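Have a look at the structure below before the remarks.
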Amino acid sequence: MEGVTKSKKGCTILLTGLAKSGKTNISNRLTQFLESKDVAVQQLDGKKLRSGLCSQLDFDKPEDRSNFVHLTSECAKLFTDKGFITIISIVAPLSKDRENARASHNNDDLAFLEIFVDKSKEECDRETGLSRNVFYPVDADYENPSTPDIHLIANGKEFNAMIREIVCTLVANNIIPQNLLMPPPPPAFLHSSVSDDEMIMDEDGQEEIDNVPFRLPVMGSLLRAIYDWLLNEIKSRLGSSNVPDNLNHPLFFKIMNEWESWFKDKEGEERFYPVKIPVPKNPINKKNHTTPPTQHEWWNYIAVRWDAKTIKYEQNPRLHRYLGQSKCKKCWSNGSPFCRSHSKTKRGIFGICQDVNEQTKRCNVTLSYGGASLPSEWSSLLNNGYFKQNTLLQTYMTSHPQHNFIPLYETSISYGSDLKFPVFHTTTVSTYLIVMLRNQEILKTQAEIQPHVLLNQRFDMNCAILDEVEEILEENGITFTISDEYEKPPLNSPMSLTYCDKLPRVYYGMESDKLNIGFKNNTYGEQYLSDVLYQTPLTLAQSALGNLIDNHAAKESWTDDQKALHKLVEDDCRRKESLGIAVLPILSMKKQVHNGILIIPHNQRAHHLPTTEAEDREYMEKVFKFLGGRTLTINVNPSNNLNFPQFKFD
């Protein structure tokens, strides 16, 4: 069936009900809808089965009527197992026969939906103008389903509404994609349980919300109103007050899909229909501004839509400044009006600042801030000590009370932008390398430039765009020369010739086809012996002392000399780990390979070294040569300036 898409896992739909209740019409319309969406569907109609496959059965006998249901069910399984939506429209009068059909599907791990098409016998009789059971006794002993998956009241109900309910259930049970939903009817007004006295405006929270359990949204927030609406709606549809707090129920997704379809179907103010928010008596925002006394009716409404991942809500665009607010399904229960990392409307400011009042050093810091709507607003926050989480910055400002940080580079970017992390990481890694390599140049060539300081200790680098990093480095006078001659790296690193397995070391290795450099303490034994990148050169006496260390004993039992040696090697190796990680982006941007595999950094974070030592440059070049097989020469044109062209990311 070329061009036809199989459903995600197939499903048998049993349409059961009295004869002439409308089962065949529903089956026909559902089939037409699914076929129009290129979903593989197969109809099994009772009339055709009785005159064909099951023509030998005597429908006056109860056992043959049960056999008819069984044969039809088993025939349906053949299609369902291949991913079809298989629609059976038969009376199936006995509950035990329908339950046997369900059990047979469950035993083979196949989806099964029982749909009761409920129409009174009087209504069905009027379809032909006489009592049907004179000629068609197949439903004389009909037993109404007690707990059907879907209960369709056929009396006066439009077919489109019934088809929509079936399709929503298929979507909610992950049988067909959610984008196949039909436009829903207008949802009834359901008011939030938030009282007027409790209602306040949201604030822009900055709380980290990754990997936290579900919790109720803040009382009075828009999200709490949405939550209350959902809770009431699920209760009304389930006919029960026993609803799980995390809303992990198919009806949750079904209702959200209805909202999404409603929003897409409507225009203008009609969009703002689903949820009504009580008007607060004295609502306030975080700046304590009272709401103007004149209120428009549409202030009370929000429009909600859903894309299977995010609950998005908006208010009337004529009256509200911020549009397109959203909460993803992972963190929508947080009281803040935005997802911290996903919002398309909330903007963050990122910049590289320098203290212009410091005359002897170039003191730089990279920072991001989510609370200012304009870049110009955040510099004052920086100088007033707002960024307390950066301990290096706070220590510096305490010791330099006359500091005055101004931005060398700054940009405003939305929280949900795909460029957010690449911009942050690319500019930070660039600054990190510029500061490190310029300080090395001062020691190596006595360059007449001021020492550079980076007031960031740990930062992310996994999303850095290395082509952009290389361009920024070139803009700041830093280039790399790679030799043409390739030398196959030796089996063991030349930077670990006096290796002692009882002492810390720097290791390297491939993880998921990416190159990783890290620090390992002596407690890891010999499993990283073949992957040692560096260990502090040891004298014969130090090697002998190190070999006497008992890794399984508490450090308190070691001698003072053993403790001192271990500390010496640990400090040196941690330093060399940071320098080695700094080499990885250079290896990657220069397209180097290791053992035939293109080098891609696995390390996601880097630790900046606050000091520079004379052998740092030589060590980085040795790491490059050992891992990449080619000679690296780092060229630095000494300068005090940092240049970040705006066009690169804006």
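Just so it is clear, the model here is predicted, and its values are computed rather than measured.
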Hey, could you give me the [atom1]/[atom2] distance between [X] and [Y], rounded to the nearest 0.5 Å?
X      : Y      : atom1 : atom2 : answer
Glu410 : Leu367 : CD    : CG    : 12.0 Å
Glu615 : Gln440 : CD    : CD    : 10.0 Å
Asn603 : Arg605 : CG    : CZ    : 11.0 Å
Leu473 : Asn635 : CG    : CG    : 12.0 Å
Thr611 : Asp616 : OG1   : CG    : 7.5 Å
Arg362 : Leu642 : CZ    : CG    : 8.5 Å

So, for [X] and [Y], which heavy atoms are closest and what is the spacing to 0.1 Å?
X      : Y      : result
Ile517 : Gly580 : CD1-O, 3.4 Å
Glu474 : Thr479 : CG-CG2, 4.0 Å
Cys573 : Gln535 : SG-CA, 4.1 Å
Gln592 : Leu598 : O-CD1, 3.5 Å
Val636 : Pro638 : O-CD, 3.3 Å
Thr427 : Phe644 : O-CE2, 4.1 Å

Original post:
Taking the six-membered ring for Trp, are His425 and Phe459 ring centroids under 6.0 Å apart?
Top reply: no
Original post:
With a 6.0 Å cut-off on ring centres, are Phe480 and Phe624 close enough?
Top reply: no
**OP:** Please assess Lys625 against Arg630 for the test side chain to side chain contact (heavy atoms under 4.5 Å, CB included), listing each intermediate value before the final yes or no.
**Re:** CA-CA 5 Å; Lys625 177 67 176 292; Arg630 301 182 189 276; 5.5 Å; no
Do the side chain of [X] and the main chain of [Y] share a donor and acceptor less than 3.5 angstrom apart?
X      : Y      : result
Asn640 : Gln450 : yes
His566 : Gln562 : no
Asp355 : Asn404 : yes
Gln359 : Val356 : yes
Arg617 : Leu437 : yes
Gln394 : Tyr396 : no
Lys361 : His452 : no
Ser496 : Ser493 : yes

**OP:** Given side chain to side chain contact (heavy atoms under 4.5 Å, CB included), test Leu587 with Leu584 step by step and report yes or no.
**Re:** CA-CA 5 Å; Leu587 282 161; Leu584 289 180; 4.3 Å; yes
Original post:
Leu455 and Asn364: side chain to side chain contact (heavy atoms under 4.5 Å, CB included), yes or no, with the steps?
Top reply: CA-CA 6 Å; Leu455 297 172; Asn364 310 287; over 6 Å; no
**OP:** Return yes if a side-chain donor-acceptor contact under 3.5 Å exists between His602 and Asn462, otherwise no.
**Re:** no
Original post:
Tyr499 and Asn492: side-chain donor and acceptor closer than 3.5 Å?
Top reply: no
For residues [X] and [Y], determine if any side-chain heavy atom of one lies less than 4.5 Å from a side-chain heavy atom of the other.
X      : Y      : answer
Leu565 : Leu503 : yes
Thr631 : Glu487 : no
Ile597 : Met510 : yes
Phe519 : Tyr507 : no
Met495 : Lys622 : yes
Ile599 : Lys514 : no
Leu538 : Val569 : yes
Gln457 : His608 : no

Subject >> Residue Lys563 excluded, over 12 heavy atoms near NZ under 6.0 Å >> reply: yes
Subject >> Salt-bridge present (Arg575, Glu613; N to O < 4.0 Å) >> reply: yes
Original post:
Are the charged groups of Glu570 and Arg574 less than 4.0 angstrom apart, N to O?
Top reply: yes
Original post:
Taking only residues at least two apart or on different chains, which pairs with a member in residues 580-602 satisfy salt bridge (charged side-chain N to carboxylate O under 4.0 Å, His left out)?
Top reply: Asp467-Lys591, Glu470-Lys590
Subject >> CA sep, side-chain torsions, deciding dist, call: Asp550, Lys502, side chain to side chain contact (heavy atoms under 4.5 Å, CB included) >> reply: CA-CA 8 Å; Asp550 184 358; Lys502 302 295 184 69; over 6 Å; no
Original post:
So Tyr409 and Phe350, would you call those rings parallel, tilted or perpendicular, with 30° and 60° as cut-offs?
Top reply: perpendicular
Subject >> Single hit among Val365, Asn456, Thr366, Leu454 for side-chain contact (heavy atoms from CB on, under 4.5 Å) with Ile352 >> reply: Thr366
